[in-house]
Amino acid sequence: MPRDDLAHDLIPAPRAVEHGERGAVVLDADTALWAAPGTGTSARWIRATLGAALGLHFPPAAARDAPDSVRLLVDDSLGSEAYRLTVAAGRGIEIRGGDAAGVFRGAQTLRQLLGPDAFRRAPVRPGATLSVPAQCVEDAPRFRWRGLLLDVARHFTPKDGVLRHLDLMAAHKLNVLHLHLTDDQGWRLEIKRYPRLTEVGSWRARSRFGHRASPLWEEKPHGGYYTQDDIREIVAYAAERHIAVVPEIDVPGHSQAAIAAYPELGNTDVVDTGALTVWDDWGISPHVLAPTDRTLRFYEGVFEEVLGLFPADAAEFSEFVHVGGDECPKEQWRRSPTAQARRAELGLADEDALQAWFIGHFGRWLAARGRRLIGWDEILEGGLADGAAVSSWRGYAGGIAAARAGHDVVMCPHQHVYLDHRQAPGPDEPVPISRVRTLEDVYRFEPVPPELDREQARRVLGTQANVWTEVMEDAGRVDYQVFPRLAAFAEVAWSALPASGERDFAGFERRMAAHYRRLDALGVAYRPPDGPRPWQRRPGVPGRPAEGPPPPG
Ligand code: ACM
C-alpha cells in the first residue's frame with residue numbers, strides 16, 4: 001500500500017498512516033459498536049463523548065463482523081498503549097490496542113479523523129454526513145510518562161476544571177496529571193484527621209496581582225479545596241482515560257499554609273508560627289517544616305489518607321507519590337536549636353543532609369507500603385533511596401545525575417517546558433515572565449540529553465510540562481499559557497523523533513491549522529498565532545520578563 005505520512009493532520013503525529021483502498025466508512029444512527037472484553041473504557045468514552053458530539057448512540061453490534069460497525073479489541077501482539085486503527089469501506093472501523101489504554105489512544109485518533117465537530121458537546125450540524133476515508137494508522141508512544149503539572153495551590157482550579165484538563169490531556173494522548181496540591185499560598189486537599197489544613201490552609205486573605213514586583217493587589221479572599229469525594233471522582237475520571245493522577249504534597253519547604261493551620265509543624269523555637277497566615281505573596285517562603293518526629297508523624301497521617309485516595313492500581317504510574325522537596329530555605333534550621341540537635345543526633349554534616357534524611361524517611365515509608373517516591377531534583381542532594389524517581393526541573397543536570405545513579409527520571413527542565421514562561425516577546429503578552437518560549441521552542445524540546453548512554457537513557461520515563469499559576473488567576477489565563485504549546489509538547493512526548501533528529505516544525509504548523517479548529521470546538525482559550533485577543537491581555541500588570549539566552553543546564 002502506498003505510504004503517505006504527510007496527508008493527515010493528526011496531532012500528535014502517529015508512527016505511520018497508510019491510505020490503501022478507496023472509499024470511506026460513513027457513521028450514522030445505525031452505526032453499531034462492538035467492544036471486546038477489556039475495551040470498556042473506550043466503549044463508554046465513544047458513546048458518551050463522540051455520541052454527544054455527533055448525535056449518535058452507537059448501539060451494541062449483534063456480531064463482531066457486523067458491516068460498517070466500530071470494533072474495539074485488545075491485541076497483545078501490540079505494545080502497551082500502541083494501537084492500529086483500520087478504516088475499510090464496507091467493513092467499518094477497527095481499533096486494536098496493545099492494551100485497554102492503547103484502544104483508548106486509538107479512539108482519540110478516530111475523533112480527530114471525524115473532524116473538528118467531534119470535539120463539541122452537542123451536534124451543530126445534525127444530519128451532516130460523517131465519513132472517515134479508508135486508511136490504516138499504526139501508532140505507539142515514544143515515552144511512557146507524558147505529563148502535565150497543574151499548580152492548583154497558587155490559584156485554585158475547581159473540580160470541574162480539573163476534569164476538563166483531563167479531557168484535554170486525553171485528547172492529546174497525555175497520561176500523567178501531576179497535581180501540585182499544597183504550597184505556601186494554599187492547601188487544597190481535605191485531610192479528615194487534620195481539618196484545619198483546609199479550614200485555615202485553603203484560603204488566603206488577598207493575592208498579589210502580577211509577579212513579585214507588582215504593586216497591585218487583588219483585595220479579595222482566594223481559596224478552595226477538593227473534598228475526598230472530589231478526589232475520588234478526579235482519580236476515577238482520569239483512570240477512565242488511562243491517566244494517572246500523581247498527587248504532590250510538598251515537604252519540607254513550600255509549607256507555610258500547613259504551618260499556618262498547625263503552627264507546631266514549624267520551627268517554633270525561632271519564629272512565632274502561631275502568628276503566621278497563609279502567604280499572600282509569591283516566591284519562596286522561609287517558613288519550612290521543623291525536622292521533628294512530630295512533623296514526621298503528622299505527615300505520615302497526611303500520606304496515609306493520600307494513599308487511600310490515590311490507589312496504586314488506578315493507571316500506569318499511579319504508584320508514585322510526589323513529595324516536592326524543592327526550594328527549601330535552610331535558614332530557620334540553621335538557627336533552630338531543635339533542628340541542630342536533630343542534625344547532631346543523626347550525625348549529619350549540614351542542613352542539606354537533614355533535608356535528605358527527611359525525604360529519605362518518606363521514601364522508605366512509601367516503599368514499605370508498595371509505593372514509589374518522586375520529588376524535584378533537589379532530593380538528589382544528600383543521596384536518594386533505591387526506587388525513588390526525580391522530576392528534573394532545574395535543567396537537565398539533575399536528570400542526568402539521577403539516571404546515572406540508576407533512578408528513573410521525568411524531564412521537565414524549566415528552560416523548555418515551564419508553560420508559565422511567556423510565549424512571545426513584546427508588550428502584549430499578559431504578565432510576561434521569564435524568557436520567551438515559543439510554540440516552536442517547545443516543539444524542538446528533546447527530553448533525552450546526549451550525555452546519557454543508551455542504558456542510562458532508558459531511565460528517562462518521559463517528560464512533563466509544568467504549569468505554575470502565580471500569574472494565572474483564572475481558567476482563561478491557564479488556557480492561554482498552556483495552549484497551543486501543549487499540542488507541541490504532546491508531540492514531543494508521544495511521537496517518534498525523526499531519524500534526522502530534527503522535528504519538522506513547518507509540517508507541525510500546517511497540521512496545527514486543523515488543530516486550532518479542534519481547540520475552538522473544545523472551547524480552549526489558546527493564544528492565537530498572531531497574539532492575544534484584547535481580553536487576553538493584562539495591561540499594566542507587571543510580570544518579570546528575562547532577556548537573552550537561558551542559563552545553561
Ligand atoms: C519548581 O519549579 N520549584 C519545581
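Quick caveat: nothing in here was measured; it's all calculated off a predicted structure. First listed ligand is number 1; within each ligand, the first listed atom is number 1.
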S.K.: Please list, one pair per line, the donor and acceptor atoms closer than 3.5 Å that link side chains of residues 210-219 to other protein atoms, with sequence neighbours excluded.
M.R.:
residue : atom : partner : partner atom : Å
Ser214  : OG   : Phe209  : O            : 2.6
Ser214  : OG   : Leu216  : N            : 3.1
Glu219  : OE2  : Arg206  : NH1          : 3.2

S.K.: So Tyr443 and Phe508, would you call those rings parallel, tilted or perpendicular, with 30° and 60° as cut-offs?
M.R.: parallel
S.K.: Can you pull the side chain to side chain donor-acceptor pair (under 3.5 Å) pairs that have at least one residue in residues 310-319, sequence neighbours excluded?
M.R.: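 Checked against side chain to side chain donor-acceptor pair (under 3.5 Å) - neighbours excluded - the pairs reaching residues 310-319 are Arg144-Glu316.
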S.K.: If every non-hydrogen atom of Asp230 is compared with every non-hydrogen atom of Lys159, which pair is closest and at what distance?
M.R.: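 The answer is OD1-CD, 3.7 Å.
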S.K.: Which N/O atoms of ligand 1 sit under 3.5 Å from a protein N/O, and at what distances?
M.R.:
residue  : atom  : partner : partner atom : Å
ligand 1 : 2 (O) : Tyr418  : OH           : 2.6
ligand 1 : 3 (N) : Asp326  : OD2          : 2.8
ligand 1 : 3 (N) : Glu327  : OE1          : 3.1

S.K.: Looking at residues at least two apart in the chain, or sitting in another chain, which of them share a side-chain hydrogen bond (donor to acceptor under 3.5 Å, both in side chains) with Glu451?
M.R.: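 Here no residue qualifies.
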S.K.: For the pair Tyr194 and Phe298, name the ring-plane relationship: parallel under 30°, tilted 30 to 60°, perpendicular over 60°.
M.R.: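 Tyr194 vs Phe298 ring planes: parallel.
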